[in-house]
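All chains are named by letter (A, B, ...) in the order of the sequence lines, taking the proteins before the strands, and each is independently numbered beginning at 1.
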Amino acid sequence: MTSDPLEEFSDDDLGYVPKEGGIAARAGLTTEAPYLASLNPEQRAAVESLDGPVLVLAGAGTGKTRVLTTRLAHLLNTGRAWPGQILAVTFTNKAAREMKDRIGTLIGGIVEGMQWLGTFHSIGVKILRRHAELVGLKSDFSILDTDDQIRLLKQIIQAHEIDEKRWPARQLASHIDGWKNRGLTPDKVPAGEAHAYADGKGALFYGEYQERLKVLNAADFGDLLLECLRLFLENPDVLEIYRKKFKYMLVDEYQDTNVAQYLWLRLLAGGHKNICCVGDDDQSIYGWRGAEVDNILRFEKDFEGAKVIRLERNYRSTPHILAAASGLIANNQGRLGKTLHTDREDGEPLLVRRHWDDDEEARAIGEDLEQAQRRQENLDEIAILVRASFQMRSMEDRFITLGLPYRVIGGPRFYERAEIRDALAYLKVTAQPDNDLAFERIINVPKRGLGDVTVRKARAIASANGCSLYRASRMIVETDELSAKPRGAMRKVVEEFSRWRSLIDAMPHTELAEMILDESGYTEMWQNDKSPQAPGRLENLKELVRSMEEFENLAGFLEHIALVMDVERAETDQKVNLMTLHSAKGLEFDTVFLPGWEEGLFPHQRSLDENGRAGLEEERRLAYVGITRAKRKAVLSFAQNRRVHNLWQNALPSRFLDELPEANVEVAESPSSYGGGFGWGAGSGGGGGGRSGLGESRFENFEPFNNTYSTPGWQRAKERHSSGQAMRSSPSLIEGELVTTAEPSAERFVEGEIVNHEKFGPGVVTHVEGNKLTIEFENAGRKRVLDSFVTRG
DNA sequence: CTGGAGGATCTTTTT
DNA sequence: GATCCTCCAG
């Protein structure tokens, strides 16, 4: 079969224009493709508007992925473009894979030709490797992960003798990431911002870091885009190649693009302007890592003559769920505005539950899950979505006790585990001897007597000779620079690596990997380790070798894992899903549990403190994402007491709960609510319900717990809450509300005051920070608590 | 150079 | 509570 047009198409046929009718015509299909018939009018418009800039505003559950894939199929089917002429970018590997799969089922094997369907990063790498020399790299440059990045920055910080305690490398890394996200090279960093780190050394270090990367022939994640952008800007001829090549562009989750990505897209779309962006401003939840909601809000201005298509018909959720989510998100100001509607008529209101503490919350959810299990419901269709990962622990504890099958999605990434990184470092050094960071990582793992001193000597030789650490190590063993013991150890390491390298082409890469791990003593190190995690780590190492089987060779495997930080595990058993709200985006479940709707946790205090109103709105979008994951049922809950860092904090119902339309919400006391043995102890002072302040949460005082809310601490907390609510109308004051808001002086505690805490007993206030008190308790030691938990005397 | 003890910091989310 | 880091004694 030489008639397959794809076989004749080479990626370098840039000027090639497919003949009229394209693949479909050749294959003898009719003009009215069957896949169009099943679309609703808006979806169809989104699929068929092929020319010029198009923004598809796709609300939650409106068939976004379907539109994207059908549009791709349509482009191919109508002969507008060959697979290799379409650029389709996503944010996650998962999304890219899913799109590939779905196109595959739609139009068969053509997917193979879609070489430019992938994440921003993977496409960036592909382009960079081809033109690496133009940005000061070699085409086999290595890709640093966050960990490598931090270690490299630490070296730079140390070289400048900066106190790393005061200026953590992490912080510098996040500044640099931020700059890269905004498309700023070191020379472009605004002077004011350079001062954010180490009294103005930020930009300087950024520059040095970039230089080091070039010497190491490496790029970090941010570079994959930024350097690509620089490549295009400095080499118009290169840009022109890609402008011609990509006749059509497709962008998924456009609301998540950062400035660098936006600039990159705009450059590429500059010629033909056939760019279609799909997204939902209401689901923009990645502002903290540089995403600019503004990109989507500004689309019509940026791309002249843009067509905007709204997908508002929801195929996922019940009317109650949709109405609740819509009511909530309507509180946001910066949005394009959409009204989701559905034809469904069934459904029950959202359930809001109050719990005493996080354990009770977990217990209640556990009971619901057991019931669902008894009713033979599909556990895969149930999810618990939490704001912060620490919330997962009480859930997991409970599920383990109950023997409920569950899976954690997103959790600690496989490739980020220490043992996996070590093993990978061995493989990397074998394949790429000049990978200094990898070599440094394992030069003394397992312990072989090559400590700091030895490594420093080797590094000195390396920089004196302008060569890599590995080469320097080879040189150093020929000299008397090292004393006998380290020299012998070093010689052994270096020789082993060169032996392993010589075997790369001689044996299957999986076997080689096993051999390296065994002969280096790495496996043995964990076998001798008595910690309870050790067997799991050995298991992970086996899993790693197993996962290598899918790849042709070592180099292919290493390239893959640099970009795909997660491993897909085939799961067949039915399990309840546990994950963060962020990783739930794009998924849907029959029933969704949303625990932890408390002020400070959700919305997260940090979001409010650091980003004020914008932070609050992003949190609200996160809430919107959470609710709209549910097809049939959503159960929201909040706990009045939550353990954070092992000390108890009292909490108030999230303002988001109050923003849900009453008609769509049903309030329930926790089914297993008996308050436990904690008790509020003191205070019976009656009549607490007298306040009818506008700001009071309607979830604070429902029966039958009313009487417990009259303690002085609770009263204070309520007042604070209402002052917080008052601030909602004057958004500029959002920052620092609740926890740091000053109360009327009469209520404040001062240092040295003797106080009593319901749980910890008597103690002395040693420090006051807003309403956070540090108290030296007679029996419980030093704790940080909120003032509403203690009484005078 | 190693290992253990003690201390600080932290828990938003990802390529 | 956990992990990561630093410091100090062998």
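In this structure, the CG atom of A/Asp220 is 18 Å from the P atom of B/dT14, given to the nearest Å. Residue A/Phe221 contributes atom CZ, which lies 8 Å from atom P of B/dT15 at whole-angstrom precision. Rounded to whole Å, atom P of B/dT14 lies 17 Å from atom CG of A/Asp147. The CD atom of A/Gln261 sits 11 Å away from the C1' atom of B/dT14 (whole-angstrom rounding). The distance between atom CE of A/Met525 and atom P of B/dG3, rounded to the nearest whole Å, is 11 Å. To the nearest angstrom, P of B/dT15 lies 13 Å from CG of A/Asp252. Taking atom CZ on A/Phe390 and atom P on B/dT13, their separation rounds to 10 Å, with Å as the unit. Going from atom CG of A/Leu224 over to atom P of B/dT14 covers 18 Å, rounded to whole Å.
Comparing B/dT2, B/dT13, B/dT15 against the side chain of A/Ser389 picks out B/dT13 as the nearest. Taking the side chain of A/Ser583 as heavy atoms from C-beta on, and the options B/dT15, B/dT14, C/dG1, the nearest nucleotide is B/dT14. Counting only heavy atoms from C-beta on, A/Val453 has its side chain closest to B/dC1 among B/dT15, B/dT14, B/dC1.
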With a 3.5 Å cut-off and sequence neighbours excluded, list the donor-acceptor pairs that the side chains of residues 481-489 of chain A form with protein atoms.
| residue | atom | partner | partner atom | Å |
| --- | --- | --- | --- | --- |
| A/Arg487 | NH1 | A/Thr479 | O | 2.4 |
| A/Arg487 | NH1 | A/Asp480 | OD1 | 3.0 |

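Comparing A/Leu622 and A/Gly449 against DNA chain B, the residue whose closest nucleotide sits nearer the 5' end is A/Gly449. Nearest-nucleotide positions on DNA chain B place A/Leu450 closer to the 5' end than the other of A/Thr580 and A/Leu450.
Using a 4.0 Å heavy-atom criterion, one finds that A/Arg606 contacts the bases of the nucleic acid, with or without backbone contacts as well. Looking at heavy-atom distances under 4.0 Å, A/Thr92 makes contact with sugar-phosphate atoms alone, never a base. Residue contacts for A/His604: at a heavy-atom cut-off of 4.0 Å it reaches the sugar-phosphate backbone alone, with no base atom in range. Backbone-only contact: A/Tyr286 has heavy atoms under 4.0 Å from sugar-phosphate atoms and none from a base.
The side chain of A/Thr146 places no N or O atom within less than 4.0 Å of a non-bridging phosphate oxygen (OP1 or OP2) of B/dT14. In this model, the phosphate group of B/dT15 is not approached by any side-chain N or O of A/Asn181 to a distance below 4.0 Å at OP1 or OP2. For B/dG3, one of the phosphate oxygens OP1 or OP2 lies less than 4.0 angstrom from a side-chain nitrogen or oxygen of A/Lys447. The phosphate of B/dC1 (OP1 or OP2) has a side-chain N or O of A/Thr454 nearer than 4.0 angstrom. One finds no side-chain N or O of A/Lys154 lying less than 4.0 angstrom from the OP1 or OP2 phosphate oxygen of C/dC4.
Note: A/His582 and A/Trp288 have perpendicular aromatic rings, judged against thresholds of 30 and 60 degrees for the angle between ring planes. Ring geometry for A/Phe551 versus A/His560: interplanar angle of 30 to 60°, hence tilted.
Scored by the side-chain hydrogen bond (donor to acceptor under 3.5 Å, both in side chains) test, A/Glu524 finds no partners at all (sequence neighbours excluded).
Residue ring and base: A/Phe91 does not count as stacked with B/dT15 (centre distance below 5.5 Å and interplanar angle below 30° not both satisfied).
One N or O on the side chain of A/Arg629 and one on the backbone of A/Val625 form a donor-acceptor pair closer than 3.5 Å. The closest donor-acceptor contact from the side chain of A/Asn181 to the backbone of A/Arg289 lies under 3.5 Å. Under a 3.5 Å cut-off, the side chain of A/Asn435 and the backbone N or O of A/Ala438 do form a donor-acceptor pair.
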Between N or O atoms, less than 3.5 Å apart, protein on one side and nucleotides 4-9 of chain B on the other: list the pairs.
none

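For A/Glu617 and A/Arg613, the salt-bridge test passes: some basic side-chain N is under 4.0 Å from an acidic carboxylate O.
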